[in-house]
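Okay, structure first, notes after.
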Amino acid sequence: MREEYGCRLVIAAPQPVAEKLRALFAQAGMAPQAVCHTGEEAVLAVGDEGALLLTTWRLPDMSGGELARRIGQASDVLMIVPQGFEGESGLNVVTLQNPVSQEALVQSVRVMEHCRTRMGELRECATELRRRLEERKIVEQAKGRLMERLGLSEAEAHHRMQKQSMDSGRRLIDVAQEILSAAQMAG
């Protein structure tokens with residue numbers, strides 16, 4: 001895909017097919033990051049950071065399904081398979097039955113790249129939400145310690161932590177962690 005999409009497209013197919021695919025995507029303005037002729041080359045090209053892998057169901061050294069398993073869930077696989085193919089599939093594998101039109105193939109790669117990008121955004125959002133939840137738990141635990149130790153209401157404990165945070169120029173989570181650490185040392 002074009003650079004603004006940030007696509008890491010890797011093609012893995014026997015040499016004549018790979019060259020046809022490279023030309024097709026070049027014509028569509030989508031330069032693949034790598035074009036490989038064996039599964040082993042594809043595994044190396046994809047690496048740990050993942051990619052969108054376009055492959056055929058059979059490579060000289062392994063099947064497309066085996067390749068999909070080897071590269072793992074960090075990558076998504078679009079596999080061109082023969083008519084009536086009932087082979088392996090996985091969570092990260094989408095199959096297109098051959099013959100497939102050039103337009104359908106290009107559009108499938110564009111859609112998969114859009115989905116990869118969106119899933120990455122959702123993963124980042126989920127990570128941020130998990131972090132916030134963990135911080136909130138720590139703040140709540142610290143409020144509980146203050147309430148217990150000083151006989152404060154929840155609102156008073158929260159206000160005390162906020163004031164300490166503002167007065168010291170530190171984040172509320174840092175103040176809460178300090179309170180919990182002090183309580184552990186005292187207890």
Atom pair NE2 (H37) and CD1 (I11), whose distance is rounded to the nearest 0.5 Å: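 One finds 10.0 Å between NE2 of H37 and CD1 of I11.
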
Can you tell me if [atom1] on [X] sees more than 12 non-hydrogen neighbours from other groups inside 6.0 Å?
X	atom1	result
E49	CD	yes
D48	CG	no
R58	CZ	yes

If you take all heavy atoms of G64 and T55, which pair is closest and at what distance? CA-CG2, 4.5 Å

Using a strict cut-off of less than 4.0 Å between a Lys/Arg side-chain nitrogen and an Asp/Glu carboxylate oxygen, indicate whether R110 and E113 qualify as a salt bridge.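 Looking at E113 together with R110, the answer is no, because their closest N to O distance does not fall below 4.0 Å.
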
If the threshold is 4.0 Å, N to carboxylate O, is there a salt bridge linking K137 and E134?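 Salt bridge present between K137 and E134.
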
Just do the salt bridge (charged side-chain N to carboxylate O under 4.0 Å, His left out) check on R131 and E128 with the steps written out, would you? CA-CA 5 Å; R131 183 192 61 78; E128 175 63 16; 2.3 Å; yes

Please, which pairs that meet salt bridge (Lys or Arg N to Asp or Glu O under 4.0 Å) have at least one residue in residues 144-158, sequence neighbours excluded? K143-E154

Got [X] and [Y] here, is their nearest side-chain heavy-atom distance under 4.5 Å?
X	Y	value
L67	S63	no
L54	V77	no
E124	T127	no
L180	I138	yes

Does the pair E121 and R118 meet the rule for a salt bridge (charged side-chain N to carboxylate O under 4.0 Å, His left out), with working shown? CA-CA 5 Å; E121 292 166 354; R118 185 68 181 127; 3.2 Å; yes

